[in-house]
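In what follows, a single structure is set out as C-alpha cells and then discussed.
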Amino acid sequence: MHSFGYRANALLTFALTILALMCAMASFSDNLNHPTPTAQVQVLNINWFQKQPNGNDEVSMTLNISADLQSLFTWNTKQVFVFLAAEYETPKNSLNQISLWDGIIPAKDNAKFWIHTSNKYRFIDQGSNLRGKEFNLTLHWHVMPKTGKMFADKIVMSGYSLPEEYR
C-alpha cells in the first residue's frame with residue numbers, strides 16, 4: 001500500500017503534466033491564426049516645427065489614427081500593445097524611429113478604434129535633419145498571450161513629409 005505522500009506526489013505530477021500539455025497546445029493553436037489587421041493614419045496638421053536652442057529639430061503634429069486590430073485577438077490573447085512610430089533616414093543613421101503614440105488594448109471590443117490626437121511623445125531629431133524630410137508612419141503591435149510566446153508585427157504607411165521651413 002502506498003503512503004499518502006506518495007499518492008499526493010503522483011497526483012500533483014500528473015496534474016502539472018496535463019497543465020503543461022494544455023499550455024503547449026494553447027501556444028501551438030495561436031500559430032493557426034492568420035490575422036489581417038488594418039490601419040490608416042492621417043497627418044492633419046503640423047502644429048509647430050522648430051529648431052530648439054541646442055540645435056535639434058522638434059515637430060508637433062495632429063493625427064487621426066484609425067485601426068482594426070480585432071483579428072489579432074484569439075482566446076489566448078491577454079492584451080495587445082500598439083504604438084505609432086515615425087521612421088526616417090539621416091546621413092548618420094539608416095533608420096531613425098521615434099514613438100509618437102502608444103496604447104494597450106485589453107480586449108477585442110477595444111481593438112477597433114479611431115483616435116484624434118497630437119503626438120503623445122516629442123518628435124525630436126538630434127540635429128537639424130528634419131526640414132523637408134520624407135518619413136514613414138509605422139503602426140507596430142505586440143500580442144501578449146496568456147500562455148506561449150509573444151509575437152509582433154507592423155504596418156508601414158509611407159508618403160509623409162515635413163515642411164522645408166520652420167514654423
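Everything quoted here is computed from the prediction, not taken from an experiment. All values below were derived from every heavy atom in this structure, side-chain atoms included, with hydrogens, water molecules and symmetry-related copies excluded.
For the pair Q97/L95, a side-chain contact is recorded, criterion being any heavy-atom separation below 4.5 Å from C-beta on. Side-chain contact between I105 and W141 is absent, with no heavy-atom pair separated by less than 4.5 Å. V82 places none of its side-chain heavy atoms less than 4.5 Å from the side chain of D102. Contact of the M61 side chain with the F123 side chain is registered, since non-hydrogen atoms from C-beta on lie closer than 4.5 Å. With a 4.5 Å cut-off on side-chain heavy atoms, T117 and W101 count as touching. Looking at heavy atoms from C-beta onward, Q52 lies in side-chain contact with R122 at the 4.5 angstrom threshold.
The CG atom of L21 lies 12.5 Å from the CG atom of L16; values are rounded to the nearest 0.5 Å. Rounding to the nearest 0.5 Å places OG1 of T74 at 10.0 Å from CG of L32. Between the CZ atom of R167 and the CG atom of L162 there is a distance of 9.0 Å, given to the nearest 0.5 Å. With values rounded to the nearest 0.5 angstrom, F73 atom CZ is found 7.5 Å from N110 atom CG. S99 contributes atom OG, which lies 8.5 Å from atom NE2 of H140 (distance to the nearest 0.5 angstrom). Atom CZ in F83 sits 12.5 Å away from atom NZ in K120 (nearest 0.5 Å).
Of all the heavy atoms in A39 and L139, the pair that sits closest is CB-CD2, 3.5 Å. Contact detail for E89 and K133: the closest heavy-atom pair is O-NZ, 2.8 Å. Closest non-hydrogen pair, L100 versus L137, comes out as CD1-CD2, 3.7 Å. In plain terms, the two heavy atoms of L69 and P37 that are nearest each other are CD2-CB, 3.5 Å. Nearest heavy-atom pair, A86 versus F135, reported as atom, atom and distance to 0.1 Å: CB-CD1, 4.2 Å. Taking each heavy atom of N56 and D125 in turn, the nearest pair found is CB-O, 3.1 Å.
The neighbour count for M144 CE, taken as heavy atoms of other residues, nucleotides or ligands under 6.0 Å away, is above 12. At most 12 heavy atoms of other shown residues, nucleotides or ligands fall within 6.0 angstrom of atom NZ in K112. In the displayed structure, Q126 atom CD is contacted under 6.0 Å by at most 12 heavy atoms of other residues, nucleotides or ligands. Summarising the local packing, CD of Q50 is surrounded by more than 12 heavy atoms from other residues, nucleotides or ligands at distances under 6.0 Å. The environment of K78 atom NZ is sparse: at most 12 non-hydrogen atoms of other residues, nucleotides or ligands sit within 6.0 angstrom.
Hydrophobic clustering (ILVMFWY, side-chain heavy atoms < 4.5 Å, transitive): V41 and F113 are in one cluster. Hydrophobic clustering keeps L63 apart from W48 (ILVMFWY residues linked when any side-chain heavy atoms are closer than 4.5 Å, directly or through intermediates). Hydrophobic clustering places L72 together with I115 (ILVMFWY residues linked when any side-chain heavy atoms are closer than 4.5 Å, directly or through intermediates). Using a 4.5 Å cut-off between side-chain heavy atoms of Ile, Leu, Val, Met, Phe, Trp and Tyr, with links allowed through other members, L19 and M25 fall into different hydrophobic clusters. The cluster map of Ile, Leu, Val, Met, Phe, Trp and Tyr, joined by side-chain heavy atoms under 4.5 Å apart, puts I65 and I104 in different clusters.
D57 places a side-chain N or O within donor-acceptor distance of the main-chain N or O of L130, the cut-off being under 3.5 Å. With hydrogens and angles disregarded, no donor-acceptor distance shorter than 3.5 Å links the side chain of D68 to the backbone of T38. Side chain of N64 to main chain of L44: no donor-acceptor pair is present (N/O by atom type, distance under 3.5 Å, no hydrogens or angles). Looking at N96, its side chain does come within 3.5 Å of a backbone N or O of Y88 through a donor-acceptor pair. Between the side chain of K108 and the backbone N or O of W75 there is no donor-acceptor pair closer than 3.5 Å.
Classified by interplanar angle (parallel below 30°, tilted 30° to 60°, perpendicular above 60°), the ring pair F81/H142 is tilted.
Side chains of E87 and T138: a donor on one and an acceptor on the other come within 3.5 Å. No donor-acceptor contact under 3.5 angstrom links the side chains of N129 and T90, judged on distance only.
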**OP:** List the steps, then state whether side-chain hydrogen bond (donor to acceptor under 3.5 Å, both in side chains) holds for T62 with N47.
**Re:** CA-CA 7 Å; T62 301; N47 301 328; 2.8 Å; yes

**OP:** Could you check S60 against N119 for side-chain contact (heavy atoms from CB on, under 4.5 Å), going step by step and ending with a plain yes or no?
**Re:** CA-CA 6 Å; S60 173; N119 44 307; 3.8 Å; yes

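Salt-bridge formation is not detected for the pair R131/E165: no Lys NZ or Arg NE/NH1/NH2 atom is positioned less than 4.0 Å from an Asp or Glu carboxylate oxygen.
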